[in-house]
*Asks:* 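Questions regarding the structure given below will be posed in turn.
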Amino acid sequence: MTIFDRGYSFYVVVNVPRPLIPIFKRKQIWKSLHTRDKKVANIRSLSTIAKINTMFVREMQMKQLKGFGDDFDLEFDSIFFNVQKIQEPYEYSDSAVEDIALDFCIEQISADRGKIIKSDDTLNYYNLLLKEYVEEYHLHHFTAIESSLEKYLYNKRMQKPTVSCKENMLRAFMLAFIQYLEIIIEYIKGAEIRNYPIKLISSPPLIEQLQKTNLDPITYKKPNLTLSELAETYNNELSRNNVSQAQKNKINQRMRVISELLNNKKIRDIEPEDLQELVLTLQFLPLRLKSEQISHLDKIINENKKHPERCISDKTCADYVQSLKSIFTWALKRKYIRENVMDEIDIPSPEKTKEITKYQPFSVQQLQKIFHSDFYSKHWDNNRQRRSFFWIGLLGLYTGARLNEICQLQFDDIQEEDGIKFISINENDGKHVKTKAGIRKIPIHQELIKLGFLEFVNFMKKQSPAKNKRIFMDLEPNTRGELSAQPSKWFGKLLDSLDLKDKGLVFHSFRHTVRTILRNNNCPIDRVQRLCGWEGSNSLSEHYGTISIKVLANELNEKLVYEGLDLSHLYI
């Protein structure tokens with residue numbers, strides 16, 4: 001038997017007995033010991049040789065049954081003697097004991113480093129285990145490690161220690177296990193295992209030292225929730241009362257999707273590796289994800305990898321990641337977790353070659369095309385939904401309000417103050433606005449009055465069932481509770497039919513159009529912000545005093561004028 005250094009690893013070389021060469025078809029067996037350390041190689045060689053000799057004995061026994069000559073019996077007896085010798089107790093030297101224990105420590109680390117989940121529950125377990133083994137060591141109770149020693153020697157085909165050196169070997173294995181626990185605990189806390197130990201520790205830490213390092217179990221007052229469950233709690237925070245229900249629904253939906261992709265892992269069990277893989281997977285989510293598809297995401301994502309045109313945009317992908325960041329930041333603040341693993345994630349940046357679609361204002365020519373289309377010229381019929389769409393478009397043109405703000409309007413939101421009719425955008429009766437600044441009064445433009453908006457509201461009120469409060473009563477909410485889905489889809493189809501297919505043109509373009517017209521007609525910025533519900537700057541001057549409804553009505557009627565747009569064909 002020879003140990004041979006091949007540069008990248010030590011190998012053990014065993015000569016094949018002459019009668020077995022025809023079976024093994026070689027004269028020598030080379031086995032890698034998977035180490036560059038000669039001490040470790042010497043230890044591992046013992047078990048490797050034992051396994052090879054056992055294999056030789058098995059083949060020799062098969063041949064012996066068939067009957068061979070005296071030379072064969074001599075070789076068989078020689079090999080059998082070597083195998084039998086392994087079963088006899090052996091007096092290991094102190095240095096050999098230390099080398100064997102160190103190899104045991106390295107094997108434990110190697111086996112566990114890729115399997116251990118880095119969670120607080122795992123850290124609690126290993127901290128308590130370390131404390132227990134250190135206490136046992138100081139009491140000279142080594143029996144806890146005896147079964148591990150016996151298993152190691154059996155697997156390595158190594159001789160059992162004699163009675164005189166067994167105590168020494170148990171003590172060394174106890175130290176090796178304590179050393180393994182210390183390294184794994186640091187690994188769970190976030191340290192990398194770059195190199196294995198090259199020397200066995202001489203003694204364990206004192207009990208007093210362990211108490212100073214705070215080995216008490218980590219406890220939580222908060223439950224360990226999935227991201228989907230956590231999102232519900234997050235959205236119910238008082239600090240999020242000014243967030244629209246639509247936005248809350250989006251976050252709940254995103255976290256439900258992400259939770260499904262993470263196999264519904266609890267937040268304290270989520271590893272950085274899980275999130276790193278997740279952020280690379282999100283880009284393959286379908287463009288329009290339906291609730292019933294969430295349970296089949298793996299299949300859908302695999303198909304989408306071949307069809308990028310079906311996948312979500314970079315912006316939507318970034319929205320998912322941002323929502324995830326917000327949840328983890330909040331969870332850390334509320335002590336659901338001890339550290340924010342999102343901080344370790346490398347988030348891919350979008351390709352610079354991709355153009356970011358921005359909403360554009362409508363030109364007067366485009367508005368002329370829209371409001372002179374067949375839909376607006378031939379709207380008078382008994383279809384209440386079509387009539388709702390008709391007025392929703394005109395309200396967007398003369399209020400600059402968000403689509404969902406318009407869709408959720410109630411009869412009580414049409415009010416009067418100082419002789420001025422206005423629309424109240426509020427959060428009464430479960431309505432939602434995007435921000436606090438969105439709660440406002442919008443004077444009803446004189447053009448809307450000429451077009452018959454007030455008559456339309458009175459007509460719908462008379463036609464409305466007693467329990468209904470909404471002006472646009474025929475709009476059905478989608479799965480997120482949004483009333484804007486149907487009119488948004490209608491308006492998109494209307495633009496397509498008019499060959500207005502620029503991606504920057506959508507219903508929200510009315511809001512950009514209103515701001516553009518008011519700015520170009522020198523409407524003061526603070527009045528623009530009041531009318532459209534935008535947050536102002538931090539200047540204190542903007543927070544003093546109010547603007548009367550009459551002043552706002554005058555600004556709107558004088559400054560929101562579309563020169564060249566003729567709507568006289570729609571006047572009542």
Side-chain angles (χ1 to χ4, degrees), residues 1-93 95-115 147-162 165 169 172-173 176 195-198 200:
M1 181 274 293
T2 306
I3 291 179
F4 185 71
D5 186 359
R6 300 189 72 172
Y8 50 87
S9 178
F10 278 99
Y11 277 71
V12 64
V13 183
V14 181
N15 292 325
V16 178
R18 185 166 43 83
L20 297 181
I21 291 175
I23 295 174
F24 288 94
K25 295 184 173 58
R26 49 185 164 169
K27 293 183 179 181
Q28 291 181 326
I29 292 177
W30 287 61
K31 285 286 184 181
S32 173
L33 298 172
H34 304 290
T35 182
R36 288 284 300 114
D37 189 312
K38 192 167 184 178
K39 283 186 178 182
V40 176
N42 281 322
I43 295 168
R44 291 182 180 176
S45 67
L46 297 175
S47 62
T48 304
I49 293 165
K51 290 176 183 176
I52 294 172
N53 277 335
T54 303
M55 183 172 57
F56 288 163
V57 168
R58 187 170 58 250
E59 292 297 334
M60 287 289 208
Q61 286 173 334
M62 293 299 296
K63 280 185 169 290
Q64 196 175 40
L65 290 173
K66 298 176 182 179
F68 284 85
D70 295 337
D71 289 344
F72 174 82
D73 290 335
L74 289 173
E75 290 211 40
F76 175 80
D77 290 341
S78 174
I79 298 169
F80 188 72
F81 173 76
N82 288 332
V83 175
Q84 286 291 98
K85 190 178 178 182
I86 294 171
Q87 307 304 320
E88 297 176 3
Y90 181 77
E91 185 74 25
Y92 291 94
S93 66
S95 61
V97 167
E98 186 172 327
D99 291 342
I100 293 169
L102 181 63
D103 183 62
F104 166 72
C105 175
I106 292 170
E107 281 200 353
Q108 292 289 115
I109 297 168
S110 179
D112 289 351
R113 64 182 295 186
K115 299 177 183 177
S147 61
S148 298
L149 170 61
E150 290 176 354
K151 183 179 179 181
Y152 175 86
L153 295 175
Y154 175 80
N155 289 337
K156 297 293 185 179
R157 303 293 196 274
M158 294 175 68
Q159 292 168 266
K160 292 182 178 181
T162 61
C165 79
M169 189 169 277
F173 266 63
N195 299 301
Y196 291 114
I198 59 174
L200 192 67

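Computed from heavy atoms alone, side chains included, the values below leave out hydrogens, waters and symmetry copies. What you see is a predicted model; the values in this text were computed from it and never measured. We count residues from 1, following the sequence as given.
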*Asks:* So how far is it from Gln28 CD to Ile21 CD1, rounded to the nearest 0.5 Å?
*Replies:* 9.5 Å

*Asks:* Compare every heavy atom of Pro197 with every heavy atom of Ile109, then report the nearest pair and how far apart it is.
*Replies:* CD1-CD, 4.0 Å

*Asks:* Could I get the full list of ring pair (Phe, Tyr, Trp, His ring centres under 6.0 Å) partners for Tyr196, not counting sequence neighbours?
*Replies:*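 Once residues adjacent in sequence are excluded, Tyr196 has no partner under the ring pair (Phe, Tyr, Trp, His ring centres under 6.0 Å) criterion.
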
*Asks:* Starting at CZ of Phe104, measure out to CE of Met169 and round the result to the nearest 0.5 Å.
*Replies:*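 If we round to the nearest 0.5 Å, Phe104:CZ and Met169:CE are 12.0 Å apart.
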
*Asks:* Side chain to side chain contact (heavy atoms under 4.5 Å, CB included), that's the test. Do Asp103 and Tyr152 meet it? Break it down for me.
*Replies:* CA-CA 10 Å; Asp103 183 62; Tyr152 175 86; 2.5 Å; yes

*Asks:* Taking only residues two or more places apart in sequence or in another chain, which ones pass side chain to side chain contact (heavy atoms under 4.5 Å, CB included) with Lys31?
*Replies:* Val12, Ile29, Thr48, Ile52

*Asks:* Please identify each residue that fulfils side-chain hydrogen bond (donor to acceptor under 3.5 Å, both in side chains) with Tyr92, with sequence neighbours left out.
*Replies:* none

*Asks:* Side chain to side chain contact (heavy atoms under 4.5 Å, CB included) with Ala101: which residues, sequence neighbours excluded?
*Replies:* Ala172, Phe173, Ala176, Leu200

*Asks:* Who pairs with Ser93 by side chain to side chain contact (heavy atoms under 4.5 Å, CB included), at least two apart in sequence or on another chain?
*Replies:*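 For Ser93 the side chain to side chain contact (heavy atoms under 4.5 Å, CB included) partners, ignoring immediate neighbours, are Ser95, Ala96.
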
*Asks:* Once side-chain hydrogen bond (donor to acceptor under 3.5 Å, both in side chains) is applied, do any residues pair with Thr162, and if so which ones, sequence neighbours excluded?
*Replies:*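 In terms of side-chain hydrogen bond (donor to acceptor under 3.5 Å, both in side chains), with neighbours along the sequence ignored, Thr162 is linked to Glu91, Ser164.
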
